[in-house]
Amino acid sequence: MSMDYEQYLSKTAIDLKPSGIRRFFDLAASMEGVVSLGVGEPDFITPWNIRDEAINALQDGYTSYTANAGLIELRQEISNYVQRRFDVHYDPENQIIVTVGASQSLDLAFRAIVNPGDEVLIVEPAFVSYASLVLLAGGVPVPISTYSDNGFKVTPEQIEAAITDKTKAVLICTPNNPTGTCLNKEELTQIANVIQKHDLICLTDEIYAELTYDDDGFTSMASIPGMYERTILINGFSKGFAMTGWRLGFVAAPKEMVDLMVKIYQYTTMCAPHMLQRAAIEALQNSTDQVEHMRESYWRRRNYIVQALNNIGLSCHIPGGAFYVFPSIKQTGLSSEEFASELLQQEKVAVVPGNAFGESGEGYIRCSYATSIEQLQEAMKRMGRFIDSLK
Amino acid sequence: MKLSNDELNILAILEENHRISTETIAMQLNMTEENVHRTIKKLEEDKIIVSYPTLIDWNQIEGKETVVAMIDVKVTPQHGVGFDEIAERIYRYPEVNSVYLMSGTYDLSVTLEGKTLQEVSKFVSNKLSTIDNVISTTTHFILKKYKHDGVVIEGNDDDDKRMVVTP
């Protein structure tokens, strides 16, 4: 007997938009000799001192559960780190949760604040999972489009215009995936004013905070006056410490919010893996030089790829952070998806079509420069040839 | 000597790969090619950049295998010139790869390269230990090189284990 599965399955889950990246991955993965600018993670392997600590933790038998919110020693280190780097204080006892990647921090945050029908403003182009997570939490994602003419920066006016009486929260990601755009202190303050005026919550995804290249450094939304009590700060180890596969993130917020998130967490996940949490302590205590070394390396590659793309005729703003550039391909007359799939087929270079990150990403492609300079040179050579072939 | 950021950045790039073109360096550092060229020249003249050696794994090549020994050398320092003169007498031999003055139980650490064990042993007994002021030598032959000057000789850390496209 064949079952009609659709009637048994969740309508919400069925209606979620399929990831635009997935399809592309299948295509690229089936080909040989691909130079990939499509990878959203560091090309560095986790520093050895951190890996070594994970081995030690296993040898020493740290295989049990931990407290739901994570090892108190690790939460203490996170507290110290956030204080040191971003100048905000969170109490390790009741304001920090160690999560299974920043993705889970986002999920917890939405579940903790969204009531049915609540609207969450999402600045696009944006990381692929935000809108779906809002929908899964029963909310309504409301995109705010940004454009290259002002470096993909959202303005306070745009936020103000999107606010309705159902708006609950604004999600900011800085530095941004996929545009690499960073918001400076002044820009954050202007956005904060709107958020405070309308009494909203701010979710700030700062997973790329370690990877900023401008002289004025990185400012956390949580450090803007008046924002601490209404901000949920999300960060983790994946990007800055090159620990994507470990799935370790954290969320820091006012106690009342964290209490609720811990309650959800204890029913859904229990805790992050114990042995990995022990290694994360080492990451925060003893990896400053290596994080800086990686940052400098990304910075050099950013400078290279921005110039190289402009040289081959793909105009590109200079992103302040992360390891992505988001050049325009509009002058080719192709859509983002056409460009990406023809580039892959003709020249075997994988990039991600910009529309995978929201409507306003149409006309752009995301290029990750988290790959060796030799690979970047090869990719630029092939892309230049591809652009010429279109003329 | 205090160096500028540009100079430090150029050194960081060259230390990883000195065959990279000045054009690529310039693009990575937002400098002009001309400026990169001039800066490298200055670093060479100042002997900050001493040389550009290439790390070759000779042992993979038939007929080119070498034997390397590290030798602990105890000496009596000479009046007035200390260890330097003895060190110089040793490092002038082309088969000597490196000479370091050490703290601890011996004085000079000498790395020696030869075609065979006998060749190295002969050098130690005939040349090294006969130098005035050399009191004793202890020879350690290297059986396998795992890592040399920051480079892992064998190993698979370099494989890219990432998927081709990820969010």
Side-chain angles (χ1 to χ4, degrees), chain A residues 19-31 34-45 48 51 103 127-129 177-178 244-245 293 296-297 299-308 310-311 318 340 344 348 350-352 356-357 366 368 370-377 380, chain B residues 2-40 43 48-49 52 54-56 144-167:
Chain A
S19 163
I21 286 181
R22 181 74 231 176
R23 204 174 52 81
F24 217 74
F25 167 74
D26 291 339
L27 191 60
S30 67
M31 296 170 72
V34 171
V35 176
S36 183
L37 307 183
V39 190
E41 61 182 316
D43 60 329
F44 293 100
I45 298 174
W48 174 251
R51 286 188 275 160
S103 290
F127 181 57
V128 294
S129 71
N177 174 8
T244 45
H293 169 79
E296 282 174 3
S297 166
W299 169 75
R300 295 196 294 262
R301 289 181 274 175
R302 177 201 70 166
N303 297 342
Y304 172 81
I305 197 171
V306 167
Q307 278 195 52
N310 284 314
N311 287 350
I318 301 175
L344 183 59
K348 296 190 177 180
V351 298
V352 180
F357 305 98
R366 188 193 74 176
S368 161
T371 190
S372 70
I373 197 84
E374 291 77 17
Q375 290 278 294
L376 290 177
Q377 285 176 308
M380 290 304 111
Chain B
K2 200 148 170 65
L3 297 189
S4 71
N5 276 339
D6 281 346
E7 288 170 324
L8 291 170
N9 286 325
I10 287 175
L11 290 177
I13 293 171
L14 290 179
E15 194 171 31
E16 249 172 58
N17 175 10
H18 68 256
R19 299 193 66 215
I20 198 161
S21 69
T22 42
E23 185 196 5
T24 311
I25 297 175
M27 285 169 82
Q28 289 187 75
L29 301 178
N30 291 331
M31 293 168 70
T32 63
E33 259 189 86
E34 162 64 28
N35 193 0
V36 170
H37 187 77
R38 205 172 341 108
T39 310
I40 292 176
L43 289 165
I48 299 284
I49 295 175
Y52 299 96
T54 304
L55 183 57
I56 297 167
K144 181 172 179 177
K145 277 190 191 173
Y146 294 96
K147 190 178 185 182
H148 185 87
D149 283 349
V151 181
V152 177
I153 308 288
E154 294 168 27
N156 66 348
D157 261 15
D158 288 345
D159 305 351
D160 196 340
K161 299 174 183 76
R162 301 174 299 167
M163 300 190 295
V164 272
V165 180
T166 53

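What you see below is based on every heavy atom in this structure, not just the backbone, and it leaves out hydrogens, waters and symmetry mates. First the proteins, then the strands, lettered A, B, ... as listed; each starts at 1. If you're wondering where the values come from, they're calculated on a predicted model, not measured in any experiment.
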Undergrad: Is it the side chain or the backbone of A:I373 that comes within 4.5 Å of chain B heavy atoms, both, or neither?
TA: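 The side chain, not the backbone.
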Undergrad: Ignoring hydrogens, what is the shortest heavy-atom contact between B:A12 and A:R300? Give both atom names and the distance.
TA: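 Answer, listing the atom of B:A12 first, then A:R300: CB-NH1, 3.8 Å.
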Undergrad: Taking A:M31, A:H293, A:R366 one by one, which has the highest count of heavy-atom pairs under 4.5 Å against chain B?
TA: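 Looking at each of A:M31, A:H293, A:R366 in turn, A:R366 comes out on top.
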Undergrad: Give every residue pair that meets the salt bridge (charged side-chain N to carboxylate O under 4.0 Å, His left out) criterion with at least one member in residues 4-19 of chain B, sequence neighbours excluded.
TA: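 Listed by first then second residue: B:E7-B:K42.
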Undergrad: Could you name each residue pair satisfying salt bridge (charged side-chain N to carboxylate O under 4.0 Å, His left out) that touches residues 21-34 of chain B, not counting sequence neighbours?
TA: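 Passing the test, one end in residues 21-34 of chain B: B:E34-B:R38.
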Undergrad: Please check: side-chain N/O of B:R162 versus main-chain N/O of A:V39, any donor-acceptor pairing under 3.5 Å?
TA: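 No, B:R162 side chain to A:V39 backbone: no donor-acceptor pair under 3.5 Å.
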Undergrad: Heavy-atom pairs under 4.5 Å with chain B - which of A:S129, A:P42, A:A308, A:G245 has more of them than the others?
TA: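 The residue among A:S129, A:P42, A:A308, A:G245 with the greatest pair count is A:P42.
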Undergrad: Check whether more than 12 heavy atoms from other residues, nucleotides or ligands sit under 6.0 Å from atom OH of B:Y52, and answer yes or no.
TA: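 Yes, enclosed.
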Undergrad: Chain B heavy atoms under 4.5 Å from A:A350: which part of the residue, side chain, backbone, both or neither?
TA: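 It is the side chain, since no backbone atom gets that close.
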Undergrad: Side chains of B:N35 and B:T39 only: does a donor on one sit below 3.5 Å from an acceptor on the other?
TA: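 Side-chain D/A pair, B:N35 to B:T39: present.
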Undergrad: Give, as side chain, backbone, both or neither, the part of B:I20 having an atom under 4.5 angstrom from any heavy atom of chain A.
TA: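 Side chain only.
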Undergrad: If we define contacts as heavy-atom pairs under 4.5 Å, which of A:V352, A:V351, A:D43 has the most with chain B?
TA: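 When all of A:V352, A:V351, A:D43 are compared, A:D43 has the most.
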Undergrad: So what's closer than 4.5 Å to chain B heavy atoms on A:N311: side chain, backbone, both or neither?
TA: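 Side chain of A:N311 only, per the 4.5 Å heavy-atom cut-off to chain B.
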